[in-house]
Amino acid sequence: MKVKKLTTGLLSTNTYVVCIAEECVVIDPGGEVDEILALRRGKSLVAVVATHLHFDHVAAVADLVDSTGAPFYAHPADWAVYKTLNAIAEEWGFRIPDIPTPRPLGERLWIFDVWHTPGHTPGSVSLVVNGAVFTGDTLFYRSVGRTDLPLGSWDLLVRSVCRLYGLPWSYVVYPGHGPETYIGAEAVGNPFINSDVCKNKRPP
Ligand SMILES: [Zn+2]
Ligand SMILES: [Zn+2]
């Protein structure tokens, strides 16, 4: 598996182009559609996936889907979030392009196990593959996703992060913003949710 990272959009979202052999998947295209397409180097784009439907993670979805025909996937629980997206974006002073209606994510997509990790949004997912996990805005280097936006839930976020800490601690974390980290490094050193917090919070 090859992972290429691009920082896109006004909120510096991490966009990942993940390729194996002649196939690639794009995770969280926040902008820079031409650069994303260049990174896949002629390989076929089999899916575009959003870890959640905040505007900074989907801004380039429509352009990508239009130019490649790749299907777009997201968790259905985030459709309500998307309905409020434009209102939020306008509060921040900008507009976002429309996105095509996402196909619902199941438990498996391409090489990924899809984990439903709600909290930052109701439909946030983490994409787990052998040795790595793409966490969107659920878990960051030394931080976790905010839960004060519409439909966020701190209690659900704690359960979701604790579930991620159940992965092998050697797994690389590719977050939706900021640098990569490791599951173990966050389980020990995350200042918001560490493994001690999780002892009383088993995932449901
Ligand atoms: Zn977000
Ligand atoms: Zn984000």
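Remember, it's 1-based here, ligands and their atoms both numbered in the order they're listed.
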Colleague: Does the side chain of Thr138 pick up a donor-acceptor pair with the side chain of Thr135 at under 3.5 Å?
Modeller: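 On atom types as modelled, these side chains do not qualify, holding no pair under 3.5 Å.
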Colleague: With no hydrogens and no angle check, just 3.5 Å: does a side-chain donor-acceptor pair link Asp137 and His52?
Modeller: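 Short answer, yes.
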Colleague: Quick check on the Zn ion (ligand 2): does His54 put an N/O/S atom closer than 2.8 Å to it?
Modeller: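 It does not: His54 brings no N, O or S atom closer than 2.8 Å to the Zn ion (ligand 2).
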Colleague: Could you tell me whether any N, O or S atom belonging to His52 is less than 2.8 Å from the Zn ion (ligand 2)?
Modeller: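 So His52 does not count as coordinating the Zn ion (ligand 2).
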Colleague: For atom OH of Tyr182, decide whether the heavy atoms of other residues, nucleotides or ligands shown that lie under 6.0 angstrom number more than 12.
Modeller: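 12 or below, so no.
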Colleague: Are the aromatic ring centres of Phe112 and Phe134 under 6.0 angstrom apart?
Modeller: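 Ring centroids of Phe112 and Phe134 are less than 6.0 Å from each other.
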Colleague: To the nearest 10 degrees, how large is the angle at the Zn ion (ligand 2) between Asp56 OD2 and Asp137 OD2?
Modeller: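 The OD2/OD2 angle about the Zn ion (ligand 2) sits at 160°.
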